[in-house]
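A short write-up of the structure that comes next.
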Amino acid sequence: MTNNPPLQLFREAVSSLSEQWLATSLPSRQGLDRAAMGLERLRERLKLSGIWEDAPSMVTATLDDGLGQGLAVIERYAAVIGIRLFSLGLMRSPEAVVDACRLHQPDYLGMTILQFDTEDDLAAIARALPQKTRIVAGGPVFGADPDFARRTGTHYAARNVAHFLDFMLDRAC
């Protein structure tokens, strides 16, 4: 808990939204965008930078996703809750991801993974990351193979943005 009432109010708003989506289902992409805008307006009205007093940082990228729809949603909500983002973009090489993590020393590496054939690349990234950096990833391979996260060194596999928000809220308290 925090002694900062505006911060607590914002955390509760993010938590309420996450809990609603976990209990029911995610809205459409337009609904996700509207909810993000609502949270952004609340954050600005409360004069906050996010759900942390000292925000973490995150490098984001995809290895095998040329569209990046999931990554775009995660980046949007990461920014809404105050994570300092370094977006590498789509279809990045493992070397580019590791280099960016060594340069920026992020708290988190956010990845979307679509294909099973990226297992070796993701595991190599995990082995080469700075010690403090934790991988938070999502994508269909994590649901299709529950052991994929463990084999690749992924610290948390988020099923969707609601799970991502829930995970980040746990780290904010």
Side-chain angles (χ1 to χ4, degrees), residues 14-15 17-33 35-36 39 51 56-102 104-173:
V14 173
S15 179
L17 192 59
S18 173
E19 288 172 12
Q20 175 188 344
W21 291 341
L22 289 170
T24 58
S25 64
L26 294 180
S28 67
R29 179 65 186 266
Q30 293 80 11
L32 289 171
D33 288 342
L39 287 174
I51 63 173
S57 61
M58 177 183 277
V59 167
T60 59
T62 72
L63 296 175
D64 62 355
D65 179 358
L67 297 176
Q69 294 179 20
L71 188 63
V73 170
I74 294 300
E75 286 178 342
R76 173 85 187 265
Y77 276 88
V80 166
I81 64 172
I83 295 174
R84 295 185 321 268
L85 285 173
F86 303 96
S87 178
L88 300 182
L90 308 176
M91 305 292 292
R92 302 305 304 209
S93 71
E95 297 79 19
V97 172
V98 169
D99 288 348
C101 287
R102 287 181 178 160
H104 297 293
Q105 297 289 310
D107 299 289
Y108 300 100
L109 169 60
M111 303 282 300
T112 54
I113 306 295
L114 301 181
Q115 305 294 323
F116 286 103
D117 63 1
T118 57
E119 181 172 342
D120 291 341
D121 288 341
L122 185 54
I125 289 169
R127 288 189 300 272
L129 287 178
Q131 188 172 4
K132 78 172 197 161
T133 303
R134 299 290 174 251
I135 299 174
V136 178
V141 297
F142 295 99
D145 180 352
D147 199 41
F148 191 82
R150 185 196 57 76
R151 288 194 316 270
T152 59
T154 299
H155 299 93
Y156 182 72
R159 282 182 244 143
N160 57 40
V161 68
H163 289 271
F164 170 76
L165 290 172
D166 196 49
F167 176 80
M168 288 300 166
L169 282 162
D170 283 347
R171 268 107 206 112
C173 297

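For the atom pair OH (Y108) and CZ (F164), the distance works out to 9.0 Å, reported to the nearest 0.5 Å. Going from atom OH of Y77 over to atom CG of L32 covers 5.0 Å, rounded to the nearest 0.5 Å. Separation of atoms CD1 (I83) and CD1 (I74) is listed at 9.0 Å; rounding is to 0.5 Å. Between the CG atom in L63 and the CE atom in M91 there is a gap of 8.5 Å [rounded to 0.5 Å]. Rounded to the nearest 0.5 Å, atoms CG (L122) and CG (L109) are 8.0 Å apart. Put simply, CG on L85 and OG1 on T60 are 5.5 Å apart, with the number rounded to the nearest 0.5 Å.
Considering all non-hydrogen atoms of both residues, A144 and F116 come closest at CB-CZ, 3.7 Å. A pairwise comparison of heavy atoms in P106 and C101 identifies CD-O, 3.2 Å as the closest pair. When all heavy atoms of S18 and A162 are compared, the pair lying nearest together is OG-O, 3.0 Å. Taking each heavy atom of G89 and L71 in turn, the nearest pair found is O-CD2, 4.4 Å.
In terms of the side-chain contact (heavy atoms from CB on, under 4.5 Å) criterion, residue partners of S15 (sequence neighbours excluded) are, by chain and number, E19, L169. Evaluation of the side-chain contact (heavy atoms from CB on, under 4.5 Å) rule for D64 yields I113, L114, Q115, T118 as partners, not counting sequence neighbours. Residues that satisfy the ring pair (Phe, Tyr, Trp, His ring centres under 6.0 Å) test with H104, not counting sequence neighbours, are F86.
Here salt bridge (charged side-chain N to carboxylate O under 4.0 Å, His left out) pairs that include residues 65-93, with residues two or more places apart or in two chains, are D33-R76, E40-R76. Counting only residues at least two apart or in different chains, salt bridge (charged side-chain N to carboxylate O under 4.0 Å, His left out) contacts with residues 110-126 comprise E119-R151. Screening residues 157-173 for salt bridge (charged side-chain N to carboxylate O under 4.0 Å, His left out), with sequence neighbours left out, gives no hits.
Between N160 and W21 there is no side-chain heavy-atom pair separated by less than 4.5 Å. Contact of the D107 side chain with the K132 side chain is registered, since non-hydrogen atoms from C-beta on lie closer than 4.5 Å. Residues V98 and R102 meet the side-chain proximity criterion, which asks for heavy atoms closer than 4.5 Å.
For T112 (side chain) and G139 (main-chain N/O), no donor-acceptor pair under 3.5 Å exists by modelled atom type. When atom types are taken as modelled, the side chain of H155 and the backbone of V136 share no donor-acceptor pair closer than 3.5 angstrom.
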task = For the pair L67 and L90, evaluate side chain to side chain contact (heavy atoms under 4.5 Å, CB included) and give the outcome as yes or no after the intermediate values.
result = CA-CA 7 Å; L67 297 176; L90 308 176; 5.7 Å; no

query = When you look at M168 and V14, which way does the side chain to side chain contact (heavy atoms under 4.5 Å, CB included) test go after all the steps?
reply = CA-CA 10 Å; M168 288 300 166; V14 173; over 6 Å; no

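Relative orientation of the F167 and Y156 rings is parallel, given thresholds of 30° and 60° on the angle between their planes.
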